[in-house]
Every structure is written in C-alpha cells, then in structure tokens.
Amino acid sequence: MRRVTELTICLAVVSALGGGGANAVAQSDEYPTMGPVEQYLMGKDAEIALARSAAPDSISHGATILVLGRQGYESAVRGRNGFVCFVARSWLAAFDWPEFWNPKIRAPDCMNPQAARFLVPIVLLRSRMTMAGRSKEEVVAALRTAFANREVPGLDHGAMEYMMAKGAYLTDQGEHNAPHLMFLAAGVAPEDWGAGAAGSPVMAAPYWYFSSRDPSDLEGLPHILVFLVGVADWSDGTPATRHGSP
C-alpha cells in the first residue's frame, strides 16, 4: 500500500515510486497551505540540469525543457524530439495527497510526445493558477472547464514518462525516492495490467484523487490511471539505491 504515495508526483504528474493509497492519504497533513512562492523556485540552470536528468541523455538532450517561473512553467529550451522534461512540484500531484504543498518536492519528469500532448496543457494551467495563489477548488474548476471546452486533448495511447533522476526528492518518505517509469491509460482497470498482483512489478493509482469516493470529485475530469514500474538504474546508468532520507 505504501507505494502509491509517490505516484502522486507524476505529473504529470504528478508523480513516483512510493507507497500506499488510502493509508498515505490518512496520514496527518503536515503541509496544510501553500508556502511562500520562493520555496518552490530554483535557479534556472540547475532546474534545466535536474529536468534533463529525468531520462537518459540520449532522450533528454533533445527534449524541450520547462522551468518554473513566478507565473508558472515556461519554456527554457526548445527541443527537437517531441519529449518534454521538467521538474514537477508537489502541487501537481493528486489533489488529496498529504504532501500537496510540500515545498521540498522536486520530481524530474520527462514525458514522451504522447504524454506531453495531454499533460503539458494541464501542467501549464495548474502552475499558472497555483503560482497566482488560487485554491485547489479553483484549479479543479478550471480543469473541468478546459476539458469541457476541449482545450486539453484526449490522452493518446502509449503515453509514458521517465522519472529516473538521481537528484529527485519525491516525498518525505525518503526510502521511496527511486527511479521508475510511468504509463498513463484511460478506460482500463488495474487488473488489466496485473497491477498490485502478488509478485507483479506493476503498481497503479488514480491520477486526480487517491481516496475520494465522491463521484462529483471526478465530474468533468477524464478517468485516468497511472501505472508505475520501478527500474534498476538511474538515468546516468549507475545502479539505483534508496536515497533522500527525510
């Protein structure tokens, strides 16, 4: 169960490798409100380098790079291979994640073209509103409007993301900061991929909310699952070890 915690960091989102759906959400919320904007920012060059480290250089070197500014994410490097890399912050995670406002989160993510077409408009909208101080409820309402107006394209088949950065900080549960791949899918159930089965390396979690049982929460939002598979190495090819203790 604990593994679902870091899936929220995908952003993409949000996104990552960790543990535990309802148990994770049941934890006491240590981050009840957004911190000062400065706590979520970092130097541009350092952010570009961290974003590129989400995937092997053969992929990220030709990717578009987004960095977080005071008005939201903006393009810092124009790519040529259709991939888009960025460093996700905590507030791009599932809306009911206890670490939603954790300013320490830095989750490097490199989306393939199929994932980027769907996720980048969502990332831009959410970041623009969050950096302007808008509430979760306002962000969700804006997302519903964007989907209703077809301002966000549907999710393509084959959407996936690399999250293999050695320098990632995905959760305060530091032993879960580990490299992995994520796959986004609509119209499927976890058991379709064998997610969560005994001995299966595949995990799954809902994209928007972890534990909500209120159908109105998902009204107007596409039903998407994030499937996660851990990998053995960091993006630089070195063997992965658990890191980033709280």
Side-chain angles (χ1 to χ4, degrees), residues 1-25 54-55 83-100 102 105-123 125-127 136 139-140 143 147 152-165 168 170-171 173 176-197 200-213 217-218 221-231:
M1 289 289 290
R2 294 181 63 196
R3 292 183 177 179
V4 178
T5 300
E6 292 175 19
L7 267 170
T8 58
I9 300 302
C10 179
L11 266 93
V13 236
V14 310
S15 130
L17 179 66
N23 285 353
V25 176
F83 282 75
V84 178
C85 302
F86 76 116
V87 181
R89 296 335 194 252
S90 55
W91 35 258
L92 288 174
F95 287 102
D96 56 354
W97 187 38
E99 292 185 60
F100 188 85
N102 185 348
I105 301 300
R106 298 291 185 271
D109 186 330
C110 204
M111 303 170 274
N112 75 347
Q114 292 92 328
R117 281 191 289 272
F118 176 74
L119 291 175
V120 168
I122 295 172
V123 167
L125 185 155
R126 291 183 67 168
S127 67
K136 289 184 187 181
V139 173
V140 172
L143 285 167
F147 283 112
V152 179
L155 179 64
D156 289 340
H157 293 298
M160 64 85 62
E161 302 163 76
Y162 288 83
M163 295 190 73
M164 300 172 60
L170 305 178
T171 172
Q173 297 186 49
H176 296 302
N177 292 308
H180 57 279
L181 305 178
M182 295 191 296
F183 304 84
L184 282 69
V188 299
E191 53 267 26
D192 292 337
W193 288 40
S200 173
V202 183
M203 295 162 277
Y207 181 76
W208 303 106
Y209 292 91
F210 276 150
S211 63
S212 174
R213 301 185 186 280
D217 284 340
L218 289 175
L221 301 175
H223 291 229
I224 295 169
L225 284 179
V226 180
F227 292 90
L228 181 152
V229 180
V231 297

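No experiment lies behind these values; they were computed from the predicted model shown. Along the sequence shown, residues carry numbers from 1. For the numbers below, each heavy atom of this structure counts, side chains included, while hydrogens, waters and symmetry mates do not.
Taking all atoms of both residues into account, the shortest heavy-atom contact from L181 to V231 is CG-CG1, 3.9 Å. Residues M164 and P179 approach most closely at CA-CB, 3.8 Å, considering heavy atoms. The shortest heavy-atom contact between V152 and P121 is CG2-CB, 4.1 Å. Here the closest heavy-atom approach between residue G230 and residue H180 is recorded as CA-CB, 3.9 Å. Here the shortest heavy-atom pairing between W193 and A185 reads CZ2-CB, 4.3 Å. What you find for S90 and E99 is that their closest heavy atoms are CB-O, 3.2 Å.
Contacts of A54 classified as side chain to side chain contact (heavy atoms under 4.5 Å, CB included), with partners at least two apart in sequence or in another chain: P108, C110. Remark: D217 pairs with S212 by the side chain to side chain donor-acceptor pair (under 3.5 Å) rule, at least two apart or across chains.
Side-chain atoms of V226 and M203, non-hydrogen and from C-beta on, never get closer than 4.5 Å to each other. L184 is listed as a side-chain neighbour of L119, based on a closest heavy-atom distance under 4.5 Å. Using a 4.5 Å heavy-atom cutoff, the side chains of L155 and Y207 are not in contact. The side-chain heavy atoms of I105 and R89, taken from C-beta on, include no pair separated by under 4.5 Å.
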*Passes side-chain contact (heavy atoms from CB on, under 4.5 Å), F183 versus V202? Steps please.*
CA-CA 10 Å; F183 304 84; V202 183; over 6 Å; no
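The salt bridge (charged side-chain N to carboxylate O under 4.0 Å, His left out) contacts involving residues 113-122 comprise R117-D156, where partners must be two or more places apart or lie in separate chains.
Looking at F86, F118, Y162, F83 one by one, the single match for side chain to side chain contact (heavy atoms under 4.5 Å, CB included) with M111 turns out to be F86.
Under the 3.5 Å distance criterion, the side-chain polar atoms of N112 are matched with a main-chain donor or acceptor of G158. Looking at W208, its side chain does come within 3.5 Å of a backbone N or O of P222 through a donor-acceptor pair.
Separating the CD1 atom in I122 from the CZ atom in F147 is a distance of 4.0 Å, to the nearest 0.5 Å. Atom CE of residue M182 and atom CG of residue L225 lie 13.0 Å apart, to the nearest 0.5 angstrom.
Both the sub-6.0 Å distance and the 45° axial angle are satisfied by R126 relative to the ring of F95.
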